[in-house]
2 protein chains.
Amino acid sequence: MPTTSSRDRCTVGVDFGTLSGRAVVVRVRDGAELGTAVHPYRHGVMDRTLAATGKPLPPDWALQHPSDYVEVLGRAVPDAIAASGVDPQDVIGIATDFTACTVLPVLADGTPLCLLAEYAGEPHAYVKLWKHHAAQAHADRITAAAHARQEKWIGRYGGRISAEWEFAKALQLLEEAPALYARMSQWVEAADWIVWQLCGRYVRSSCTAGYKGIYQDGTYPSENFLGALNPDFAGFARDKLADPTGNLGEVAGGLTPQAAAWTGLPAGIAVAVGNVDAHVTAPAANAVRPGQLVAIMGTSTCHVMNGDVLAEVPGMCGVVDGGIVPGLWGYEAGQSGVGDIFGWYVDNGVPPSYVDAAGGDVHAYLSTLAAGQPVGQHGLVALDWLNGNRSVLVDHELSGVVVGLTLDTRPEDVYRALVEATAFGTRTIVEAFDAAGVPVQEFVVAGGLVKNRYVMQTYADVLQRPISAIASDQGPALGSAIHAAVAAGAYPDVTAAAAAMGQKEAAAFVPNAAHASAYNALYAEYVLLHDYFGRGGNDVLHRLRGLRRGAGAGARQ
Amino acid sequence: MPTTSSRDRCTVGVDFGTLSGRAVVVRVRDGAELGTAVHPYRHGVMDRTLAATGKPLPPDWALQHPSDYVEVLGRAVPDAIAASGVDPQDVIGIATDFTACTVLPVLADGTPLCLLAEYAGEPHAYVKLWKHHAAQAHADRITAAAHARQEKWIGRYGGRISAEWEFAKALQLLEEAPALYARMSQWVEAADWIVWQLCGRYVRSSCTAGYKGIYQDGTYPSENFLGALNPDFAGFARDKLADPTGNLGEVAGGLTPQAAAWTGLPAGIAVAVGNVDAHVTAPAANAVRPGQLVAIMGTSTCHVMNGDVLAEVPGMCGVVDGGIVPGLWGYEAGQSGVGDIFGWYVDNGVPPSYVDAAGGDVHAYLSTLAAGQPVGQHGLVALDWLNGNRSVLVDHELSGVVVGLTLDTRPEDVYRALVEATAFGTRTIVEAFDAAGVPVQEFVVAGGLVKNRYVMQTYADVLQRPISAIASDQGPALGSAIHAAVAAGAYPDVTAAAAAMGQKEAAAFVPNAAHASAYNALYAEYVLLHDYFGRGGNDVLHRLRGLRRGAGAGARQ
């Protein structure tokens, strides 16, 4: 319950996305969103050339410029305050969430190396965005060594360390730019760096440390392990990573005068420990109790769920003590392509006649056509691995399959099959949690795809359970504002704040019993193909990937 | 060698296709095509409604009007003669070829039942076009009964009697319109009916009798067998089918005065025994020797090849004594979707940006983009069963599969994978012939797809052998003109006439050795998936077809 002192007080949540940052001003007593503003990153995603030099970047690179984040503080926050009509003096705290693992090398005072004149032309000095995928070889070495040495932490990550995470990206940095690696004082998540800018203190978030930094049971991978990867890497965790961590919802510090000047907020107000966009969404949907799985559905889907026990769920992305809220085990799973798959199809597979008939919204048009079909009428089943499989197979080298095409197959049929495939993928994740003893008791959706009622209804039918939907359409920013309220002392903990400020519509989508039953047959086909193509029955997807690389290599010669 | 008397003499070949008829005037001594004309069928294909009544037809029906064929004789033939500048008195023979099995019920004098006023509104009284597929259930019963009774002829048809053929369509007629069946004197292939119109005599072509009429070793299926299907069907072959057959290239009769009036040709000239469009193409390419496989590549592909021995080639469509030229075993195989698959993709899977960039010819644009890729770069492999598999699995209920899709997959990648899939399908057929002891010694292509050099080059690379190409772009009509020359006595047999009048470019497409070798890896993947999805490893394609039917039935309720 809100305390008397919190009435009419507000907090600010800032969500740092891939292309822009969004600030929202939220009333502490009930979570009402009073004003919002978005500011795009000046440099966007640098994945072709480095802005400072115009020089091309290698394939699979994705960089950002840290000044863009500070600019969001100086533009989006004041704009949101202005839009809300709130007196800045009524703002009692600020919190942020970020994409992750998005990480940068800094000096001891937090200065990004890319801001030093000597490194402005060095790509490795910039922020490596979550989707920088050029450290795959380094990740593979880490995974292989972990299994070879039977490191106990590898099981907490579904048996695989991602190329996106801190260690893989740092190992790439060491081996490709050793002088810069040596100059780097700390290897900092952007989620923590922005908090550092706000409060002047470096506090590692327990969320990013756990999910992206292999921080388990109070320790990092050993020097012995790291030295085996590369002798010069032995001290990495101790020297560049191991700073104090803070729990989610805790105060990292007070807003500095400089940050107060940027944002227009009062100096000294609470700045919360940093957080990750997916994880921070759970309280925004008031879904932080054990068994409440929140699926943040956008270009990809991230599933976060609290559990009161530690279980080994096969193929999860990670399980972290306090990873979502302090005191519970935070489970994370994911599907690496969802909205991206639908978007790919709309961009690459829909003919002009449909685009013309759609009149602007091809997704809506295809969804309407697809929604009218009886289950199974299209005669198709697909595997949703066009961007690999993050859970439960944890295999980025898999690819998509469409089965059952005929000369009668129409675009809405393929679209429907792709939507269903992602729903089947979700069902395998839910069933994995159920089977591992951390059952999913409520399925809650958030993210941009919630607006597509056809997609949501399909998920309800395929999952054969009601689906709750977050009430806010800016879940991460609201989730951050909730953390700000906790950090400011307005609520005793995140769970209490979520109950007052977060909101969801329970059972917003209810399965059609006949459709749900009919989907069992299609799901059985999905599972059969899933195991055949994904568990070694036919390793063709890996061989095709290999042929593709070989052909590419041949073509470059 | 042409005889002296044949110099400057000409023949006329008429090719009756699915939508129009084409006549060509050909010089007998060297096969030069002197003039041609096309006339479309007034009624086209009736697959939605019956023209006479406007009433809807059931699904899978496809009818034609026999008067349209006569109109072709009266329009296309005189137009071709006029275009050629030839004196009609120099024409010494005429021959025809037809789609098959395209079949109609007639009175004893050859009058189609649909021309009787009382039957003008009865769909069963019309010509059932080859692609009338509403007799599938009847075909399935025939196939099942043949296996149950171990009929020896079933092996000559790859173990399966098609829904397109004479017996299935006749059984449907009997059971759905018994009075009309009783009134019918003969069940006549359009290939033979048009010859009947030209010369006044009904002579069954040994080609259609063998491939479509289950006429083997001089007999039809027994009364006992037919009576087991339906007691009223026992006398079908004896009463409605068993008329004298004629060999290909033989004279069926002389041109009647009425047909002379229609065509403007001299009465009394030789009219050859009827033929089928695919089979008649072999002599037009001068490819009638044992081991010369002619692939007529269009919407689908038909493969015809002579052999000097009778072999059981698994999954062939049929083997008929004298089915292509008298004295040799004529083998037929096929792929039920080829150009149709490419067309389906262009119509249903190519986005506006590509269509715009293509500037009119999307096939050419995609072919150019696809041709530039190294083998395997797209990371895809597909199964070419979007219209079922005619050979070597002989399973119309199979469907297409695409494996290896990623968010980077572009339309030219899928197009290339589909082209390759049809080439892989061809390779399975060639390998089946080779393995059965009737080796393919030369692969010759004809048909509309020959013009696509990218497709042809892919076939050469995948088949790892040179491909010869027919010189004429109106192969069937030229093939008919060759038969007319034989019937008129200008050559002693079809083989001699083909040598003088037919023409191909040997090794028009030569495999790129590196590509051919690289394709082995992709072909191995195709074979693995082919057997998994096609030979019972995973019967998902049949189950999906069943779900589709069930969903359709549910939707109609």
Side-chain angles (χ1 to χ4, degrees), chain A residues 337 340-341 343-344 346-356 373-383 385-388 399-411 414 514 518 521-522 524-525 528-529 532-533 537-538 540-541 543-548 550-552 554-555, chain B residues 337 340-341 343-344 346-356 373-383 385-388 399-411 414 514 518 521-522 524-525 528-529 532-533 537-538 540-541 543-548 550-552 554-555:
Chain A
D340 263 355
I341 295 177
W344 166 83
V346 163
D347 289 345
N348 291 283
V350 179
S353 59
Y354 276 64
V355 174
D356 292 346
Q373 298 184 357
V375 175
Q377 182 180 270
H378 56 27
L380 301 172
V381 62
L383 294 175
W385 303 339
L386 284 85
N387 200 22
S399 49
V401 176
V402 179
V403 170
L405 296 163
T406 75
L407 297 179
D408 292 328
T409 302
R410 294 293 167 265
V414 178
L522 274 183
E525 302 299 351
L528 202 57
L529 294 168
Y532 176 70
F533 285 109
N538 182 347
V540 57
L541 300 181
R543 290 192 298 268
L544 287 173
R545 184 79 62 166
L547 286 174
R548 205 173 142 191
Chain B
D340 264 354
I341 294 177
W344 166 84
V346 164
D347 290 344
N348 291 282
V350 179
S353 59
Y354 276 64
V355 174
D356 292 347
Q373 298 183 357
V375 175
Q377 181 182 270
H378 55 28
L380 301 172
V381 62
L383 294 176
W385 304 339
L386 283 85
N387 200 23
S399 49
V401 176
V402 179
V403 170
L405 296 164
T406 75
L407 297 179
D408 292 328
T409 302
R410 293 293 166 266
V414 178
L522 275 183
E525 302 298 351
L528 202 56
L529 293 168
Y532 176 70
F533 285 109
N538 181 347
V540 57
L541 301 181
R543 290 192 298 269
L544 287 174
R545 183 77 64 162
L547 286 175
R548 206 172 142 190

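Note on naming: letters A, B, ... go to the chains in the order of the sequence lines (proteins, then strands), and numbering restarts at 1 for each one.
Remark: B:L407 CG to A:D347 CG distance equals 10.5 Å, nearest 0.5 Å. Summarising the geometry, atom CG belonging to B:L380 is positioned 11.0 Å from atom CG belonging to A:L547; distances are rounded to the nearest 0.5 Å. Atom OG1 of B:T406 and atom CZ of A:R548 lie 4.0 Å apart (nearest 0.5 Å).
With a threshold of 4.5 angstrom between heavy atoms, A:V402 approaches chain B through its backbone and through its side chain. Contact annotation for A:L383: neither backbone nor side-chain heavy atoms come within less than 4.5 Å of a heavy atom of chain B. Residue contact with chain A, scored on non-hydrogen atoms closer than 4.5 Å, involves the backbone and the side chain of B:T409 alike. For chain A, the nearby part of B:V375 is the backbone; its heavy atoms alone come within less than 4.5 Å. When heavy atoms are compared at a cutoff of 4.5 Å, B:L541 approaches chain A solely by way of its side chain, counted from C-beta outward. Interface residue B:V540: backbone and side-chain heavy atoms are both found under 4.5 Å from chain A. Interface remark: B:D356 contributes no atoms to any contact with chain A (heavy atom separation under 4.5 Å).
In this structure, B:F533 and A:Y532 have perpendicular ring planes: the angle between them is above 60°, well past the 30° mark.
Here the closest non-hydrogen pair linking B:V401 and A:G404 is CG2-N, 4.5 Å. The shortest non-hydrogen separation linking A:G376 to B:A551 is C-CB, 3.9 Å.
A:L529 places a side-chain heavy atom less than 4.5 Å from the side chain of B:N538. The shortest distance between side-chain heavy atoms of A:V381 and B:L544 falls below 4.5 Å. Here the side chains of B:L528 and A:R543 are in contact, with some heavy-atom distance below 4.5 Å. Under the 4.5 Å side-chain criterion, counting only non-hydrogen atoms from C-beta, A:L405 is not in contact with B:S399.
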